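In what follows, a single structure is set out as structure tokens and then discussed.
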Amino acid sequence: MRTYYIAGNWKMHKTRAEAAELAGALVSQLKDGKHKYLVAPAFTSLETVGAIIRGTNILLGAQNCAPEEQGAHTGEVSVLQLKDLGVQAVILGHSERRHTYKEDDELINRKVKLALQHHLEVILCVGELLAEREAGKAEQVCETQTVKGLAGVSATDLSRVTIAYEPVWAIGTGKTATPEDADAIHASIRGVVGKLYGAKAAGDIIIQYGGSVKPDNAALLMAKENIDGALVGGAALKPETFVPIAKFS
Ligand code: 13P
């Protein structure tokens, strides 16, 4: 049985005071929540939010990390520094990293392997551009990103990987993939994991959907067989919108 896993990606939003207010509200409103939860604040708020959610049912996530442990890498943040702040998971390969900051599959794979080597959980994001979907290439793009993102990851380490399918055209646009379209891609990604790691791993891996998830579409998406949770952007910034998604029924 896979657990539903709802994660909030706060992106480049919130000062420490604002992040603390949101984290405090989530702690009290999700304490009776039944699913797995994570929040990923900006680096600058990790320590503040970490102190508020420590010991609760909400995990602390980062939104990125460097592909090296340490060294002369101006502006980067190391996995060692994240662990020092109590970070438990890291989002890698987000479409904003891939497309705005030109991260490729090889770089993302190095980050995935390094984070896993340091015993963090990883949320590996995959997803196609609108032009790729219109050209009928959505499955193929997600397969390539999954295979390359997971290259060299052992079956044991895979148990700490979640995949997030985030069609780029649905992120921050108010357009959501239909539950049927999303489920078809999730099934195809699960098939890819099966080819790489076998049927048990394919059955166990959690695949989140991301892209304009809101309180009014969360339950419909999560009702689909292959959709095991959500990676939420805009709606994760307020308890009024994140809590109903996190407690969907
Ligand atoms: P939105 O929920 O704002 O579309 O963002 C999705 C996302 O990119 C989460 O990582």
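What you are looking at is a predicted structure, and each value in this text was computed from that prediction instead of being measured. Remember, it's 1-based here, ligands and their atoms both numbered in the order they're listed.
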Item to check | Reference residue His186; test side chain to side chain contact (heavy atoms under 4.5 Å, CB included); the match among Ile207, Leu221, Ile163 | outcome: Ile207
Next on the checklist: Taking 4.0 Å as the limit for heavy-atom contacts, which would you say applies to Ala170 with ligand 1: side chain only, backbone only, both, or neither?
Outcome noted: backbone
Checklist entry - Should the ring pair Phe248 and His35 be called parallel, tilted or perpendicular, given that the plane angle runs from 0 to 90° and is split at 30 and 60? => result parallel
Item to check | Least distance between heavy atoms, Ser212 atom then Asn217 atom | outcome: O-ND2, 3.0 Å
Next on the checklist: Which residue is it: Val153, Ile108, Asn109? I am looking for the one with a side chain to side chain contact (heavy atoms under 4.5 Å, CB included) to Leu124.
Outcome noted: Ile108
Item to check | ligand 1 contacted by Ser212 (non-hydrogen, < 4.0 Å) | outcome: yes
Next on the checklist: Looking at every non-hydrogen atom in both residues, tell me the closest pair between Val87 and Ala62 and how far apart they are.
Outcome noted: CG1-N, 3.9 Å
Item to check | Within-cut-off N or O pair, Lys214 and ligand 1, under 3.5 Å | outcome: no
Checklist outcome for this item: In this structure, atom 9 (C) of ligand 1 is nearest to the protein heavy atom Glu166 OE2, 2.9 Å
Checklist entry - Heavy atom of Ser95 under 4.0 Å from ligand 1? => result no
Item to check | Any N/O pair Gly233/ligand 1 closer than 3.5 Å | outcome: yes
Checklist entry - Which ligand 1 atoms, with their elements, are less than 4.0 angstrom from a heavy-atom of Gly172? => result 1 (P), 3 (O), 4 (O)
Checklist entry - Short N/O distance, under 3.5 Å, between Ile171 and ligand 1? => result no
Checklist entry - So, Arg16 and Glu21, do they make that salt bridge, N to O below 4.0 Å? => result no
Item to check | ligand 1 atoms in contact with Asn9 (distance to a heavy atom under 4.0 Å) | outcome: 9 (C), 10 (O)
Next on the checklist: Heavy-atom contact check, 4.0 Å cutoff: does Ala235 meet ligand 1?
Outcome noted: no
Item to check | Exercise: do Gln145 and Tyr165 side chains pair donor with acceptor under 3.5 Å | outcome: no
Next on the checklist: Is a donor from one side chain sitting under 3.5 angstrom from an acceptor on the other, for His94 and Gln63?
Outcome noted: no
Item to check | Expected output: side-chain Glu69 to main-chain Leu80 donor-acceptor under 3.5 Å | outcome: no
Checklist entry - For Thr173 and ligand 1, does the shortest N/O to N/O distance drop below 3.5 Å? => result no
Item to check | Closest protein heavy atom to atom 3 (O) of ligand 1, given as residue, atom name and distance to 0.1 Å | outcome: Gly234 N, 2.8 Å
Next on the checklist: Taking 4.0 angstrom as the limit and counting only heavy atoms of Gly211, give me the atoms of ligand 1 inside it, by number and element.
Outcome noted: 4 (O), 6 (C)
